[in-house]
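Heads up, the thing below is written out as structure tokens.
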Amino acid sequence: MANVTSTAAAPERLQLLRVLGPGHVWALGVGIVLVGEYMGWNFAIGKGGMIAGLVACWVAGLLYTCVAMIDSEVTSTVAAAGGQYAQAKHIVGPLMAFNVGLFLVMAYTMLEAGNAITIGFLLDTVAGMQGHSGLNQQPFIILAVMFLAWLNYRGVLATLTFNFVITAIAFLAIIILFLVVQFGGSNVPLDFSAVAEEPLPYGWVGIIASIHFGLWYYLGIEGTCQAAEEVRSPSRSLPYGTMAGIMTLLIAATLTWYVCSGLIPWEYLGQAGTPLFDAARVTGSTGLMVLLFIGTIFSTLASANGCINDASRAWFSMGRDRYLPIWFGAVHPVYRTPYRSIVFLVPIALIFALGAPLDQVVTFSILSGLLGYTFMSFNMVMFRRKWPLETIKRGYVHPFHPLPAIVLLVLCATAYIAVFLGYGTQLIAMMCFYIVASLWFHFWRYRFVRRGDQFTMPWPRPQGY
């Protein structure tokens, strides 16, 4: 009787709810990234000119296609919250998992801060157009972050349903702008004469340098993996949602470059804060201006919303596994969300949103993402070697292995060079930050990790677990 009583009294471990489908996965991935079409990508034009910006768009598209293919295979099999962190935990080991988790959290938190900065900048721009210059941006930045954190706190289904709607509207805004401009609905026709007159103002070095910000078109598509534990059918929803997402972004990125490069001089485009909204202003159409204003606001909200979701899942997973204090691994008893992780990351995002310039925040996010993609190249090779195709069931098998992993590694190395050309000091500072964090984990936090409990997949255990 005593045994029965003690068993009955044992508290049930709360789990995240499995309520998401392929559409929500698409909304999470595209929602995080689509803001890259509305701001940030155009800094690539400033680095190398219009042609360099187009090359950066397609090279970065190839890099992220490799990321999406690799993620779709591994995550449809390693269906756990934390995405790439969970992959590293099962395939490589604790130190790599800690670093990958930190890469994810910083990439998404910085992207969230960049979105908040853009919201404040856009509202200030529109207020200036109405004769109210000097708008205080800080209250709007704080309000946006706090509202989205509250939405994430209340539940993942409402969060990503909201993302689905506003992401679809923001994507349609780009399509409508392209169609109107292409078929003569603009007061200013498309003009690509500058492309022929000055195709590469900084030479071939400009192409390499532009790859840095070309990544911004797609940065965050790997975030679909963070919802793996909340998807009803991971083996189906994750590959469909992720691959549909990268195809959507490739279309949106190309159309964005085409419209903006044809309407705006590259010298201005290369430093514009909201390039698609500026393109709508050039057309002279009030309707397009309103539409692209809404699209920019919705894309930034969708991205920040998805970033809060993804960063909190990675932080929550690390807390649950004792890589961080276990306090962060709590699930809300009613809403079934990682509420402590959501709340903890809010002030970090606000510090950067209120105190750092946009290009520095974007670079921090890009570099953190690049470190994670570099890991993925080795992770994929180790995954196939430890568990060949015949040994475990996969929801998706990406073709041409190991070519995508090799291409991804080469493109990541090129992107590091591109970042170093413009932001060498920040690159070195960030590497030092991650090295110090790794040393902290190795010499202090690792003692709390129960490595034998880390491997939760029903596969043959690799050596060391």
Quiz item: For the side chain of T167 and the backbone of F164, is there at least one donor-acceptor N/O pair under 3.5 Å apart?
Solution: no
Self-check item: Atom CH2 of W440 with >12 non-hydrogen neighbours under 6.0 angstrom
Solution: yes
Exercise. Please check if the side chain of T337 supplies one atom and the backbone of Y153 the other of a donor-acceptor pair under 3.5 Å.
Key: yes
Quiz item: Say you draw a straight line from CZ of F441 to CG of L324; how long is it, rounded to the nearest 0.5 Å?
Solution: 8.5 Å
Quiz item: Any cation-pi pair here, R445 with F448, using under 6.0 Å and within 45°?
Solution: yes
Exercise. Look up atom CD1 in I175 and atom CD1 in I251, then write down how far apart they are to the nearest 0.5 Å.
Key: 7.0 Å
Quiz item: Looking only at side chains, do W266 and S261 share a donor and an acceptor under 3.5 Å apart?
Solution: no
Quiz prompt | E112 side-chain N/O to V145 backbone N/O, donor-acceptor pair under 3.5 Å | solution = no
Quiz item: Would S368 and Y434 count as having a side-chain donor-acceptor pair, cut-off 3.5 Å?
Solution: yes
Self-check item: Chi angles and distances behind the side-chain hydrogen bond (donor to acceptor under 3.5 Å, both in side chains) call for N379, Q84
Solution: CA-CA 9 Å; N379 179 66; Q84 291 79 11; over 6 Å; no
Quiz item: With a 6.0 Å cut-off on ring centres, are Y38 and F277 close enough?
Solution: no
Self-check item: Main-chain N/O of I207 paired with K47 side-chain donor or acceptor, under 3.5 Å
Solution: no
Quiz prompt | E222 and Y373: side chain donor to acceptor below 3.5 Å | solution = yes
Quiz item: Between S299 and E37, do the side chains contain an N or O donor and an N or O acceptor separated by less than 3.5 Å?
Solution: no
Exercise. Could you tell me whether the side chain of T414 and the main chain of V410 form a donor-acceptor pair under 3.5 Å?
Key: yes
Quiz prompt | For G295 against A170, the heavy-atom pair lying closest together | solution = O-CB, 3.7 Å
Quiz item: Does a donor on one side chain sit under 3.5 Å from an acceptor on the other, for Y108 and N309?
Solution: no
Quiz prompt | Distance-only polar pair, side chains of H212 and T363, donor-acceptor under 3.5 Å | solution = yes
Quiz prompt | Nearest heavy atoms of Y217 and A253, plus distance in Å | solution = CD2-CB, 3.4 Å
Self-check item: Which atom of A149 lies closest to which atom of I308, heavy atoms considered
Solution: N-CD1, 3.7 Å
Quiz item: Which pair of non-hydrogen atoms, one from V259 and one from F178, has the smallest distance, and what is that distance?
Solution: CG2-CA, 3.8 Å
Quiz item: So does M431 have more than 12 non-hydrogen atoms from other groups sitting under 6.0 Å from CE?
Solution: no
Quiz item: Passes side chain to side chain contact (heavy atoms under 4.5 Å, CB included), T248 versus F171? Steps please.
Solution: CA-CA 9 Å; T248 302; F171 178 68; 3.6 Å; yes
Quiz item: Rounded to the nearest 0.5 Å, how far does CG of D278 lie from OG1 of T125?
Solution: 7.5 Å
Self-check item: Heavy-atom pair of closest approach, residues N115 and A304
Solution: ND2-N, 3.1 Å
Quiz item: Taking everything shown except F420 itself, do over 12 heavy atoms lie less than 6.0 Å from its CZ?
Solution: no
Quiz item: Is there a donor-acceptor pair under 3.5 Å between the side chain of N42 and the backbone N or O of A272?
Solution: yes
Exercise. Would you sort out whether T242 and Y396 count as a side chain to side chain contact (heavy atoms under 4.5 Å, CB included), showing the intermediate values?
Key: CA-CA 11 Å; T242 302; Y396 168 82; over 6 Å; no
Self-check item: Short side-chain donor-acceptor distance under 3.5 Å, Y416 and T374
Solution: yes
Self-check item: Steps toward side chain to side chain contact (heavy atoms under 4.5 Å, CB included) verdict (L439, W444)
Solution: CA-CA 8 Å; L439 292 173; W444 170 253; over 6 Å; no
Quiz item: How about Y240: does its OH atom have over 12 heavy atoms from other parts shown lying under 6.0 Å from it?
Solution: no
Practice problem: Return yes if some donor-acceptor pair links the side-chain N/O of D124 with the main-chain N/O of Q137 below 3.5 Å, else return no. | Solution: no
Quiz item: Can you tell me if S210 uses its side chain to pair, donor with acceptor, with the backbone of A52 under 3.5 Å?
Solution: yes
Exercise. Return yes if some donor-acceptor pair links the side-chain N/O of Y323 with the main-chain N/O of N99 below 3.5 Å, else return no.
Key: no
Quiz item: Looking just at side-chain N and O atoms, do N152 and Y339 make a donor-acceptor pair shorter than 3.5 Å?
Solution: no
Practice problem: Apply side chain to side chain contact (heavy atoms under 4.5 Å, CB included) to F316 and V331, showing your working. | Solution: CA-CA 9 Å; F316 156 79; V331 175; 3.6 Å; yes
Quiz prompt | Interatomic spacing from CZ in F103 to CE in M430 - rounded to 0.5 Å | solution = 8.5 Å
Quiz item: Is a donor on one side and an acceptor on the other found under 3.5 Å between the side chain of W41 and the backbone of G53?
Solution: no
Quiz item: Out of curiosity, I351 CD1 to L354 CG, how far, rounded to the nearest 0.5 Å?
Solution: 9.0 Å
Exercise. Please report the closest heavy-atom contact between V361 and A113, naming both atoms and the distance.
Key: CG1-CB, 4.0 Å
Exercise. To the nearest 0.5 Å, tell me how far I406 CD1 sits from F400 CZ.
Key: 13.5 Å
